[in-house]
Amino acid sequence: MPELPEVETIRKEITPVITGRCLSRISGFRPTLDPEDLHRGADVQGKCVSGTSRHGKYLYAGLGAGCGLVIHFGMTGDLRFLGPGDEDPPYCRAQIVFKDGSRLAFTDPRRFGRIVSSRGLKEFIAAKGLGPDALVLTRTNVREMVRASRRGVKLLLLDQHRVAGIGNIYADEILFQSRIHPLRETRTVSVKEADSLHKAILSVLKTAVRLSADMDRYPSGWLIPRRAPGRTCPACGGEVSRVMIAGRYSYFCPSCQQ
DNA sequence: CTCCATGTTTAGAA
DNA sequence: CTTCTAAACATGGA
């Protein structure tokens, strides 16, 4: 569950149930949780959850001032809150155990997810060099982003150093709604198109968050339900195309997107 | 067996 | 320096 809307949905679900609980211990194995990494960023021993926040695809669980856990979900990560007697869920790779015996389980079949400690989300963002969160992107941000490089637009959207939170699936939706071809060079994108790109970024991500990232509930006019070979464009009825970009498939409508 | 999968990092080539 | 590709990571499902 790994792009911005999925992470935000997980955040909203777990925040009320973990806030105020105090850590007893954290267990897990590499590579999900490297014991050395966990203790290098900040001392999390015995701290209590003060709240959560998010930047791009990273979830931050604050443990008081100057300390917290940063969780990245990779491709298949998820969190489940469990009571003291509950069984470990399948693919459980790490657990944050609280003093009252309840716990937060990190499940991740593919093991690309990571949990590390940090002195703060701001510090983490700076260390990683992450761009602004996609939900707070301004029109000016997008205009400048588009002007500053000469790569394909899709690659720009996927670059977490430019804008944080957009992944392969939502990038396709955003480009479909802005009617821009994924391989268009950003420098050829007009100001008008940059503005429609900006509008689509916010609209797609906000709608997805509002629908709790439940793809079954996404509007029928969206491309996401048609992201498969041989499917038809919800706008023109033509067949959707796919092209390999950066080693992964991009789906788009060749007649609607130029 | 083969292909594909919501991500990130890194090495190497233009 | 910039940009892009392929591979690696690790695993499961079709």
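Throughout, a chain's letter reflects where its sequence line sits, starting with A, and its residues are numbered from 1.
In this structure, A:Arg227 reaches the sugar-phosphate backbone alone: every heavy-atom distance under 4.0 Å involves primed, P, OP1 or OP2 atoms, never a base. In this structure, A:Tyr249 reaches the sugar-phosphate backbone alone: every heavy-atom distance under 4.0 Å involves primed, P, OP1 or OP2 atoms, never a base.
Around the NZ atom of A:Lys47, the shell of radius 6.0 Å holds more than 12 heavy atoms that belong to other residues, nucleotides or ligands. Counting heavy-atom neighbours within 6.0 Å of A:Arg139 CZ, excluding the residue itself, gives a total of 12 or less. The number of heavy atoms from other shown groups lying within 6.0 Å of NZ (A:Lys122) does not exceed 12. Other residues, nucleotides and ligands contribute only 12 or fewer heavy atoms inside 6.0 Å of the CZ atom of A:Arg80.
Looking at A:Lys99 and A:Ser24, their side chains never bring a donor and an acceptor atom within 3.5 Å of each other.
Of the residues in residues 169-191 of chain A, not one places a heavy atom less than 4.0 Å from an atom of DNA chain C. Near DNA chain C, meaning a heavy atom under 4.0 Å from it, residues 148-160 of chain A has A:Ser149, A:Arg150, A:Arg151, A:Gly152, A:Leu155 in order of number.
B:dT6 and C:dC4 have their C1' atoms separated by 22 Å, with the value rounded to a whole Å.
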- Task: Under the disulfide (SG to SG under 2.5 Å) rule, what do A:Cys236 and A:Cys253 come out as? Steps first, then yes or no, please.
- Result: CA-CA 9 Å; A:Cys236 75; A:Cys253 173; 3.7 Å; no
- Query: Once each nucleotide of nucleotides 6-14 of chain C is scored for protein heavy atoms under 4.0 Å, what B/S/- sequence comes out, 5' to 3'?
  - Reply: ---BBBS--
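Stacking of A:Arg227 on the aromatic ring of A:Tyr251 is not recorded, the 6.0 Å distance cut-off and the 45° axial limit not both being met.
Scanning DNA chain B 5' to 3' for nucleotides with an atom closer than 4.0 angstrom to a non-hydrogen atom of chain A gives a first and last hit of B:dC4 to B:dT9.
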- Query: What dot-bracket string describes DNA chain C from 5' to 3', counting Watson-Crick and G-U wobble pairs whose defining distances are under 3.5 Å, with [ ] for crossing pairs and | for pairs to another strand?
  - Reply: .||||||||.||||
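When the salt bridge (Lys or Arg N to Asp or Glu O under 4.0 Å) test is applied to A:Arg40, the partners found at least two apart in sequence or on another chain are A:Asp37.
A:Gln257 places no side-chain N or O within donor-acceptor distance of the main-chain N or O of A:Phe252, the cut-off being under 3.5 Å. For the pair A:Ser196 (side chain) and A:Glu193 (backbone), a donor-acceptor distance under 3.5 Å is present.
Residue-to-nucleotide proximity on DNA chain B shows that, of A:Lys128 and A:Glu6, the 5′-proximal contact is made by A:Glu6.
If you take CZ of A:Arg248 and C1' of C:dC4, they are 15 Å apart, rounded to a whole angstrom.
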